[in-house]
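Scroll down for the structure; my scribbles are underneath it.
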Amino acid sequence: VQLQASGGGFVQAGGSLRLSCAASVRTFSTYAMAWFRQAPGKEREFVATISWTGSSTSYAGSVKGRFAISRDNAKNMVYLQMNSLKPEDTADYYCAAGTLYLATQIYNYPYWGQGTQVTVSS
């Protein structure tokens, strides 16, 4: 499984960004997908996850109500819509693939893409 994240950038507080992650795998619909992030000097943390069909999602408390994860199995894509961005959302964002339902731990995801940087200015 190869994952390619994109869509990061620089945005002012209160703005929005949409991250995308393209997966190179035949059986994309059998993988749960997730987004994690890592701020400078901090550990990588869970952001959101979505089930194989997209019918179930789970979010970290810090982003609930502001971020939305979605997927398009026909295109092998997963997205993270980020609204009402705050300076504390500044981080490198990583997409990940695994097989567990709504898992939130780093070790639950064996496949990772490279990070895409998000910077939110105050």
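Any value given below was found using the heavy atoms of this structure, including those in side chains, with hydrogens, waters and symmetry copies removed.
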Go through the steps for Val25 and Tyr111 under the test side chain to side chain contact (heavy atoms under 4.5 Å, CB included), then give the verdict. CA-CA 11 Å; Val25 60; Tyr111 306 105; over 6 Å; no
Solution key, residues 4-23 side-chain donor-acceptor pairs under 3.5 Å, sequence neighbours excluded:
unit_1, atom_1, unit_2, atom_2, d
Ser16, OG, Asn83, OD1, 2.9

Contact between [X] and [Y] at the side-chain level, heavy atoms closer than 4.5 Å - yes or no?
X: Asp89; Y: Val118; value: no
X: Met33; Y: Phe28; value: yes
X: Arg37; Y: Glu45; value: yes
X: Tyr93; Y: Gln117; value: no

Supply the atom-to-atom distance [X] [atom1] to [Y] [atom2], rounded to the nearest 0.5 angstrom.
X: Ser56; Y: Ile50; atom1: OG; atom2: CD1; answer: 8.5 Å
X: Met77; Y: Arg71; atom1: CE; atom2: CZ; answer: 11.5 Å
X: Leu80; Y: Trp35; atom1: CG; atom2: CH2; answer: 6.0 Å
X: Thr53; Y: Asn73; atom1: OG1; atom2: CG; answer: 8.0 Å
X: Lys64; Y: Thr57; atom1: NZ; atom2: OG1; answer: 9.0 Å

Tell me whether Gln2 at atom CD has more than 12 heavy atoms from other residues, nucleotides or ligands lying less than 6.0 Å away.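 Atom CD in Gln2 is not crowded, with 12 or fewer foreign heavy atoms closer than 6.0 Å.
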State plainly whether the residues Arg44 and Asp92 are in salt-bridge range, i.e. N to O under 4.0 Å.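 Looking at Asp92 together with Arg44, the answer is no, because their closest N to O distance does not fall below 4.0 Å.
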Indicate the atoms forming the closest heavy-atom contact of [X] with [Y], along with that distance.
X: Val120; Y: Thr90; result: N-OG1, 2.9 Å
X: Ala32; Y: Leu100; result: CB-O, 3.3 Å
X: Pro87; Y: Ser122; result: CG-CB, 3.8 Å
X: Ala97; Y: Val1; result: CB-CG1, 4.3 Å

Taking side chain to side chain contact (heavy atoms under 4.5 Å, CB included) as the criterion, tell me which of Thr49, Leu3, Thr104 meets it with Tyr109.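 One option only clears the test, and that one is Thr49.
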Between Val47 and Tyr79, is there a shared hydrophobic cluster once you connect ILVMFWY residues whose side-chain heavy atoms come closer than 4.5 Å?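 Each belongs to a different hydrophobic cluster.
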Quick one: do Phe46 and Phe36 satisfy ring pair (Phe, Tyr, Trp, His ring centres under 6.0 Å)? Show the steps, please. CA-CA 4 Å; Phe46 167 76; Phe36 287 75; 5.8 Å; yes
Checking one residue: Tyr101. Which other hydrophobic residues are in its cluster under the side-chain 4.5 Å linking rule?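 Other cluster members: Trp52, Leu102.
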Could you go through the side chain to side chain donor-acceptor pair (under 3.5 Å) check for Tyr94 and Thr116 one step at a time? CA-CA 7 Å; Tyr94 298 85; Thr116 185; over 6 Å; no
